[in-house]
Colleague: 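Quick one: the structure is below, and I'll ask about it shortly.
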Amino acid sequence: FTGTGIKHFTGRALSSFAFPLPPLAEQHRIVAKVEQMFELCDQLDQQIQSVQIDSGLLLKRALHASLLPDSVEAQ
């Protein structure tokens, strides 16, 4: 045994079970929804990266201003 799965439940035993699938139209709807969610995840990843960049710049400016306050007033 590899430690995965259910002991004494072989692939042959598993192949004897029937797993009902949703109708084809429902499968297409599910795939479309999953793709929509992946697009949303991509958008959120981009927003997170943008916020991380902005917060890094803000921290850099804050540190610069606290260490060299006279140079900030000149800008």
Side-chain angles (χ1 to χ4, degrees):
F1 297 105
T2 63
T4 61
I6 301 171
K7 290 183 179 182
H8 308 295
F9 193 61
T10 64
R12 182 171 289 167
L14 181 62
S15 68
S16 67
F17 286 93
F19 293 96
L21 296 174
L24 191 57
E26 180 69 7
Q27 292 179 41
H28 287 299
R29 189 192 70 74
I30 292 168
V31 169
K33 187 65 174 180
V34 169
E35 288 175 346
Q36 180 185 18
M37 299 309 292
F38 276 133
E39 289 177 19
L40 178 60
C41 288
D42 289 341
Q43 291 172 5
L44 291 172
D45 281 340
Q46 290 174 354
Q47 289 177 4
I48 289 169
Q49 289 176 6
S50 178
V51 167
Q52 288 174 333
I53 290 169
D54 290 346
S55 63
L57 289 173
L58 183 60
L59 177 61
K60 184 178 178 179
R61 288 180 182 168
L63 287 173
H64 186 65
S66 66
L67 297 174
L68 302 169
D70 293 337
S71 67
V72 174
E73 293 174 10
Q75 294 177 1

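All values reported here derive from a predicted model rather than from experimental measurement. FYI, side chains are in, hydrogens and waters are out, and symmetry mates aren't considered; it's all heavy atoms of this structure.
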Colleague: By the rule that ILVMFWY residues connect when side-chain heavy atoms come within less than 4.5 angstrom, directly or transitively, which residues belong alongside F38?
Modeller: I30, V34

Colleague: Could you list the residues that satisfy ring-ring contact (aromatic ring centres under 6.0 Å, His included) with F17, not counting sequence neighbours?
Modeller: F9

Colleague: For A18 and P20, which heavy atoms make the closest approach, and how far apart are they?
Modeller: O-CD, 3.7 Å

Colleague: Could you give the distance from OG (S66) to CZ (R61), rounded to the nearest 0.5 Å?
Modeller: 14.5 Å

Colleague: Show me the donor-acceptor pairs within less than 3.5 Å that the side chains of residues 42-58 make with the rest of the protein, sequence neighbours left out.
Modeller:
unit_1: S55; atom_1: OG; unit_2: V51; atom_2: O; d: 3.1
unit_1: S55; atom_1: OG; unit_2: Q52; atom_2: O; d: 3.0

